[in-house]
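In what follows, a structure is listed as structure tokens, so that the remarks can point back to it.
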Amino acid sequence: MQAGSGPCLFGLRPHPLSFLPLFEMSTSPVRVRFAPSPTGYLHVGGARTALFNWLFARREGGTLVLRVEDTDAARNTAAAQAAIVDGLRWLGIDWDEGPEKGGPHAPYHQSQRGEIYERYFQKLVDAGHTYVEENGAVRFRSPKEIIILPDKIGGDIKIDRTEEPDMTIRRPDGSFIFHFVNVVDDIEMEITHVIRGEDHIYNTGKHIELFRALGAEPPVYAHIPLILNADGSKMSKRDQGAAVGYYQEEGYLPEAVANYLCLLGWSPKDDREILTVEEILPLFRWENMGHSNAKFDLEKCGWMNAQYLAKLDTPSFDHLAIAWLLRRTEPLPGTDSPELVGALALIKPKIKSFRELAEHLPMLFLDDAPVSEEARGKLATQAGLKDRLTVLLRHLDGVEGGTAWTAAALQAAVAAAAAELGVKPGALMFPLRVLATGQAHGVDLLPALEWLGKTASMRRLQARLDGGQIAG
RNA sequence: GACCCUUUCGUCUAACGGUUAGGACACGACCCUUUCACGGUUGUAAUACGGGUUCGAUUCCCGUAGGGGUCGCCA
């Protein structure tokens with residue numbers, strides 16, 4: 001292809017899409033893998049690693065393998081594996097070979113690949129690369145060399161193995177160690193590129209020794225910088241947002257989370273931030289990868305989600321919102337109301353994630369939701385408020401019910417009340433909001449009252465006014 | 001501690017060796033608005049420090065400091 005430099009001579013230019021490897025979708029030599037160990041939840045760092053592998057595989061028309069590294073029988077759980085698979089799927093990551101999918105290199109659980117490891121282990125033993133400890137553990141005799149790792153992201157990285165002790169590759173109980181099985185599987189599964197976290201750089205020295213001892217060419221490596229907590233420490237399960245499950249539960253859109261994750265350690269090199277995977281794909285190149293760790297900013301991730309939510313069309317939003325509501329073990333008010341869709345239309349432009357439905361629905365559907373501290377506090381200083389609100393309610397009550405009860409009519413009533421009281425209409429709106437919802441923040445107020453209808457609105461407004469919950 | 005990687009606004013990041021160092025989140029102000037928001041405009045805010053190389057350094061080199069990673073019979 002033209003490598004995108006310089007203007008093209010139109011007559012000589014190939015078709016704009018001619019560089020796409022359409023016909024070699026399945027014959028691309030590129031094979032990458034994501035290899036989680038099912039000992040816990042799917043970490044955002046792991047999710048990003050998976051995403052980058054996926055992006056690279058798709059961009060190259062290659063193959064993504066999902067391999068479950070479950071050699072530590074004591075720590076593996078089925079629940080963890082389910083959570084990881086579920087999280088990947090949720091993010092839109094699909095694999096070509098692996099669990100639930102099969103493939104030419106099955107099985108894809110290391111716990112089921114014992115025979116293969118045994119075979120490779122024997123090769124190592126026969127070639128004299130190993131020795132046995134007194135307790136039965138087997139170690140690999142390191143050549144003790146300085147290894148230069150040609151990393152796609154970090155450049156040439158020096159790894160001094162001359163002083164390192166020999167690594168154990170097999171425990172006394174016969175089970176194999178991570179380094180060994182990882183390398184054997186990468187050989188067996190014909191992995192061409194290893195894209196993983198920077199925390200593996202030193203392991204790579206060990207791995208390269210193993211590849212060489214087994215007579216195999218090491219893959220191309222790309223070590224990506226890590227994702228850190230807001231305070232600069234390693235993200236742990238205690239940190240909010242560290243697990244992909246958090247975003248599923250909070251009602252984030254996977255596209256938004258994936259987009260945000262891509263921006264940690266990768267950049268389109270221009271000012272764009274909201275990018276679909278289709279837009280990211282052609283720009284996913286090593287030159288566009290960052291070299292330093294990134295701190296995770298949940299606030300910005302939330303902002304991005306709000307952007308995606310806002311772009312959703314109404315049917316999609318309703319569908320997803322309702323799905324989220326139905327997943328809850330504790331139903332929210334209005335969940336099975338026929339008025340729900342109307343409420344969702346009011347709420348849609350206001351929320352960052354579906355989780356916030358839990359704040360909006362009660363104030364829309366409950367007549368007696370308690371008045372919040374904040375709302376009460378903001379009204380406390382307003383003398384004579386109750387009298388003014390009485391006047392306001394009188395005007396509102398003057399509006400016809402039924403189809404005449406519209407936001408526009410209500411606005412006129414508020415204006416009339418304001419005129420009578422000699423105040424600006426705006427001055428009445430906040431107290432009215434508190435009367436209607438008990439909250440200081442929320443959806444567009446007058447449309448909300450229209451949605452509620454006259455009977456319910458007046459009942460609620462009058463009750464809160466009489467209840468004396470606001471402005472004593 | 002040793003070794004490796006890394007360092008641009010608080011955070012994520014952009015800038016063929018020549019820019020008033022740009023964008024986004026967050027924060028402040030103003031505008032819009034009947035309220036809460038959205039949005040628009042705008043403001044505060046960065047090249048870690050010290051040496052080189054160069055006419056010229058955020059950019060290349062060295063050192064120092066900070067940060068992160070690794071140093072398992074975990075993965």
Side-chain angles (χ1 to χ4, degrees), chain A residues 35-40 46 68-72 74-76 110 133 135-139 149 151 153-155 157-161 163-165 167-173 175-179 181-182 196-206 223 225-228 230-234 260 263-274 290-304 306-307 310 349-351 360 375 407-408 410-415 417-418 424-434 436-437 439-449:
Chain A
S37 85
T39 55
V68 181
E69 307 222 327
D70 55 351
T71 55
D72 187 354
R75 291 174 41 195
N76 297 146
Q110 291 187 327
E133 296 276 342
N135 67 359
V138 180
R139 286 185 189 262
L149 161 64
D151 195 271
I153 295 170
I157 299 170
K158 194 183 81 179
I159 300 176
D160 188 347
R161 299 276 307 146
E163 306 290 327
E164 299 299 317
M167 70 179 125
T168 303
I169 59 173
R170 185 168 211 178
R171 304 184 184 91
D173 68 3
S175 59
F176 293 103
I177 299 295
F178 159 71
H179 305 294
V181 294
N182 187 271
R196 58 175 23 162
E198 207 174 66
D199 50 343
H200 278 291
I201 281 184
Y202 269 81
N203 289 335
T204 304
K206 297 178 180 177
H223 287 93
L226 305 179
I227 296 178
L228 269 24
D231 66 18
S233 62
K234 210 171 177 178
Y260 179 71
L263 257 20
L264 260 24
W266 172 86
S267 161
K269 299 293 181 187
D270 56 32
D271 288 342
R272 284 179 295 170
E273 295 202 300
I274 307 288
H291 290 204
S292 55
N293 296 343
K295 290 176 186 165
F296 193 90
D297 186 354
L298 193 54
E299 196 133 26
K300 184 153 186 177
C301 185
W303 167 80
M304 186 160 285
Q307 299 292 309
K350 301 291 176 180
I351 60 175
H360 285 95
L410 295 171
Q411 182 179 335
V414 171
K424 285 194 289 189
L428 295 175
M429 288 301 285
F430 187 79
L432 181 59
R433 169 179 295 284
V434 177
T437 68
Q439 298 292 319
H441 309 276
V443 303
D444 275 345
L445 186 54
L446 269 15
L449 290 176

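Below, read A as the first sequence line, B as the second, and so on, with proteins coming before strands; counting in each chain starts at 1.
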> For B:C25, what is the paired nucleotide under Watson-Crick or G-U wobble rules, both distances under 3.5 Å?
Replying inline: B:G10
>> With rounding to the closest Å, how many angstrom separate the P atoms on B:C49 and B:U7?
In response: 15 Å
>> My understanding is that only residues two or more places apart in sequence, or in another chain, count here; which of them pass side chain to side chain contact (heavy atoms under 4.5 Å, CB included) with A:N203?
In response: A:F178, A:H179, A:H200, A:H207
>> Say we look at B:C55 and B:A21: how far apart would their P atoms be, to the nearest angstrom?
In response: 23 Å
> What pairs with A:S233 under side-chain hydrogen bond (donor to acceptor under 3.5 Å, both in side chains), at least two apart in sequence or on another chain?
Replying inline: A:D231
> What pairs with A:A294 under side chain to side chain contact (heavy atoms under 4.5 Å, CB included), at least two apart in sequence or on another chain?
Replying inline: A:L264
Please list each protein N or O that sits under 3.5 Å from an N or O in nucleotides 7-17 of chain B, with the distance.
unit_1, atom_1, unit_2, atom_2, d
B:C12, OP1, A:K295, N, 3.0
B:C12, O2', A:L263, O, 3.2
B:U13, OP1, A:G265, N, 3.1
B:A14, OP1, A:K269, NZ, 2.7

>> Strictly under 4.0 angstrom, non-hydrogen atoms only: write out the protein contact profile of nucleotides 70-75 of chain B, one letter per nucleotide from the 5' end, B, S or -.
In response: S--BBB
So which protein N/O to nucleotides 37-48 of chain B N/O distances come out below 3.5 Å?
unit_1, atom_1, unit_2, atom_2, d
B:A37, N3, A:K350, NZ, 3.3

>> At under 4.0 Å between heavy atoms, how does the protein contact nucleotides 58-66 of chain B? Give one character per nucleotide, 5' to 3', with B, S or -.
In response: ---------
> Quick one: side-chain hydrogen bond (donor to acceptor under 3.5 Å, both in side chains) partners of A:N135, sequence neighbours excluded?
Replying inline: none
> Who does B:U20 pair with, Watson-Crick or G-U, both distances under 3.5 Å?
Replying inline: none
> Since syn is defined as within 90° of 0, does B:C12 count as syn or as anti?
Replying inline: anti
> When the distance from CD1 of A:I159 to C1' of B:G69 is rounded to whole Å, what number comes out?
Replying inline: 12 Å
> side chain to side chain contact (heavy atoms under 4.5 Å, CB included) with A:A35: which residues, sequence neighbours excluded?
Replying inline: A:R33, A:R67, A:E69
>> Please report the distance separating the P of B:U6 from the corresponding atom of B:C62, rounded so that it comes out in whole Å.
In response: 12 Å
> If the P atom of B:G66 is compared with that of B:U44, how far apart are they to the nearest Å?
Replying inline: 32 Å
>> Could you check whether any side-chain heavy atom of A:T39 comes within less than 4.5 Å of a side-chain heavy atom of A:D70, counting everything from C-beta outward?
In response: no
>> I'd like to check A:R161 versus A:Y202 (side-chain heavy atoms, cut-off strictly below 4.5 Å). Are they in contact?
In response: no
> Which base sits across from B:A45 as a Watson-Crick or G-U pair, both distances under 3.5 Å?
Replying inline: none
> Who is the Watson-Crick or G-U wobble partner of B:A37, with both distances under 3.5 Å?
Replying inline: none
>> Would you compute the distance between atom CZ of A:R171 and atom CG of A:D72 and round it to the nearest 0.5 angstrom?
In response: 6.0 Å
Kindly give the atom pairs (protein nitrogen or oxygen, nucleotide nitrogen or oxygen) under 3.5 Å for nucleotides 32-34 of chain B.
unit_1, atom_1, unit_2, atom_2, d
B:U34, O4, A:Q411, OE1, 3.3

>> Do the side chains of A:K350 and A:D444 get close enough for a salt bridge, i.e. N-O under 4.0 angstrom?
In response: yes
>> Rounding to an integer number of angstrom, what distance separates B:G22 and B:A75 when you compare their P atoms?
In response: 49 Å
>> Tell me every residue that passes ring pair (Phe, Tyr, Trp, His ring centres under 6.0 Å) with A:H223, counting only those two or more places apart in sequence or in another chain.
In response: A:Y221
> On a whole-Å scale, what distance lies between the C1' atoms belonging to B:G68 and B:C31?
Replying inline: 44 Å
> Within the distance-only criterion (no hydrogens, no angle test), does the side chain of A:S267 pair as donor or acceptor with the backbone N or O of A:K269 below 3.5 angstrom?
Replying inline: yes
> If you measure from CD1 on A:I177 to CG on A:N182, what distance do you get to the nearest 0.5 Å?
Replying inline: 12.5 Å
> Can you name the salt bridge (charged side-chain N to carboxylate O under 4.0 Å, His left out) partners of A:D270, sequence neighbours left out?
Replying inline: A:R272
> Paired with B:C3: which nucleotide, if any, by Watson-Crick or G-U wobble criteria at under 3.5 Å for both distances?
Replying inline: B:G69
> If the P atom of B:G63 is compared with that of B:C3, how far apart are they to the nearest Å?
Replying inline: 12 Å
> On a whole-Å scale, what distance lies between the C1' atoms belonging to B:U54 and B:G17?
Replying inline: 9 Å
